[in-house]
Amino acid sequence: MALETPQYEVVTMHDGFETRQYSEMIIATTSVQADYKSSTSSGFRRVASYIFGGNDKEMKIAMTAPVISDCPSEGLETYNVSFVMPREHSMKDLPKANTNNVSIKKEALGKVAVMAFGGWATEARSKTFQKKFVKLLKLNNIEIQGGFMVAQFNSPYVLPMFRKNELMVRIIKKSSVN
């Protein structure tokens, strides 16, 4: 059974990446102050607890994909880890988390550039792919806004050769006026 994923439209295809326009979504998110590996693990557990009933209604919420986290970069000490809520839910019907370190909010990713990669999304691999992605974006004169994000689509039990990940970054819409 496939997991629900966020809605988007592909805007442009490039060699090695694409740009997308995402619809607004609701996320359950947490911030963790630790290294990348510890943050993503701890953040995942916090948000998973929320969807598995750790909320004021003891409501179970369907798992979606991907899990989105900040991409590791120099000097980053706090990582945000988020689950996208299923589209059937609204801000009105979603319960409050039992802990104050998980929040529910609307997220408008807007226009983003996305590069897919396989294997484990470790800190080293994420940084390596991010460097390649930055070069591709510069080569295509695409200006970024904010930090990179890592989207992981698979459960921890999926073998590396079958894993799907994406690097995502918001991009600035270019003016058509010279």
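Fair warning: this is a prediction, and the values are worked out from it, not measured in the lab.
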Quiz: residues 147-159 side-chain donor-acceptor pairs under 3.5 angstrom, not counting sequence neighbours:
unit_1 : atom_1 : unit_2 : atom_2 : d
Asn154 : OD1    : Lys164 : N      : 2.5
Ser155 : OG     : Tyr157 : N      : 3.2

Any donor-acceptor N/O pair, Ser39 side chain to Asp35 backbone, under 3.5 Å
yes
Contact check, side chains of Met85 and Thr64, non-hydrogen atoms, under 4.5 Å:
no
To the nearest 0.5 Å, what is the distance between CD (Glu24) and CD (Glu107)?
9.0 Å
Heavy-atom pair of closest approach, residues Pro95 and Asp56:
CB-OD1, 3.1 Å
Return yes if some donor-acceptor pair links the side-chain N/O of Thr40 with the main-chain N/O of Tyr36 below 3.5 Å, else return no.
yes
Going only through I, L, V, M, F, W and Y residues with side-chain contacts under 4.5 Å, is there a path from Tyr8 to Val114?
yes
How close do Ser69 and Val81 get, heavy atom to heavy atom, and via which atoms?
CB-CG2, 4.1 Å
Would Arg125 and Trp120 count as a cation-pi pair here, with the cationic atom under 6.0 angstrom from the ring centre and within 45° of the axis?
no
For the residue pair Ser41 and Arg45, confirm or rule out a side-chain donor-acceptor distance under 3.5 Å.
yes
Considering non-hydrogen atoms only, spot the tightest contact between Ile26 and Leu94 and give its length.
CG2-CD1, 3.6 Å
Rounded to the nearest 0.5 Å, what separates atom CG in Leu136 from atom CG in Asp15?
7.0 Å
Could you check whether any side-chain N or O of Glu4 sits under 3.5 Å from a backbone N or O of Arg87, counting only pairs where one atom can act as donor and the other as acceptor?
yes
Short side-chain donor-acceptor distance under 3.5 Å, Asn80 and Ser31
yes
Decide yes or no on side chain to side chain donor-acceptor pair (under 3.5 Å) for Thr30 and Asn101, but give the supporting numbers first.
CA-CA 6 Å; Thr30 190; Asn101 56 15; 4.6 Å; no
Working note: Arg46 + Val32, criterion side chain to side chain contact (heavy atoms under 4.5 Å, CB included); need CA distance, chi angles, decisive distance, verdict.
CA-CA 10 Å; Arg46 284 182 191 173; Val32 182; 3.6 Å; yes
Does Val134 belong to the same Ile/Leu/Val/Met/Phe/Trp/Tyr cluster as Leu139, with side-chain heavy atoms less than 4.5 Å apart forming each link?
no
Quick check: closest heavy atoms across Lys57 and Asp93, and the distance to 0.1 Å?
NZ-O, 3.1 Å
Show your working on side chain to side chain contact (heavy atoms under 4.5 Å, CB included) between Lys111 and Glu9 and close with a plain yes or no.
CA-CA 9 Å; Lys111 193 170 183 184; Glu9 287 183 32; over 6 Å; no
Test item: side-chain donor near acceptor, Thr12 and Thr19, under 3.5 Å
yes
Here the pair of heavy atoms bringing Ala108 nearest to Arg170 is O-NH2, 3.8 Å
So which heavy atom on Ser126 is nearest to which on Leu167, and how close?
O-CD1, 4.1 Å
Rounded at 0.5 Å granularity, tell me how far CD in Glu77 sits from CG in Asp70.
13.0 Å
Under 6.0 Å between the ring centres of Tyr50 and Phe83?
no
Spatial distance of atom CZ (Phe117) from atom CZ (Phe17) [nearest 0.5 Å]:
16.0 Å
What I'd like to find out is whether the side chain of Arg20 reaches to under 4.5 Å of the side chain of Leu109, using heavy atoms alone.
no
Verdict with supporting geometry, Asn55 and Val102, side chain to side chain contact (heavy atoms under 4.5 Å, CB included)
CA-CA 10 Å; Asn55 54 65; Val102 172; over 6 Å; no
Lys60 side chain to Phe52 main-chain N or O, any donor-acceptor pair under 3.5 Å?
yes
Taking the side chain as C-beta and beyond, is there a heavy-atom pair between Glu74 and Lys127 under 4.5 Å?
yes
Mind checking the OH-CD spacing from Tyr22 to Gln7? Nearest 0.5 Å is all I need.
11.0 Å
Between Val67 and Leu3, is there shared hydrophobic-cluster membership here, with clusters defined by ILVMFWY side-chain heavy atoms closer than 4.5 Å?
yes
Hydrophobic cluster membership, with links at side-chain heavy-atom distances under 4.5 Å among I/L/V/M/F/W/Y: are Met13 and Met115 in one?
no
Reported CG-to-NZ distance for the pair Asn140 and Lys135, which is rounded to 0.5 angstrom
14.5 Å
Flag yes if Met25 and Val112 sit in one hydrophobic cluster, no otherwise; membership is Ile, Leu, Val, Met, Phe, Trp, Tyr, and two members link when side-chain heavy atoms are under 4.5 Å apart.
yes
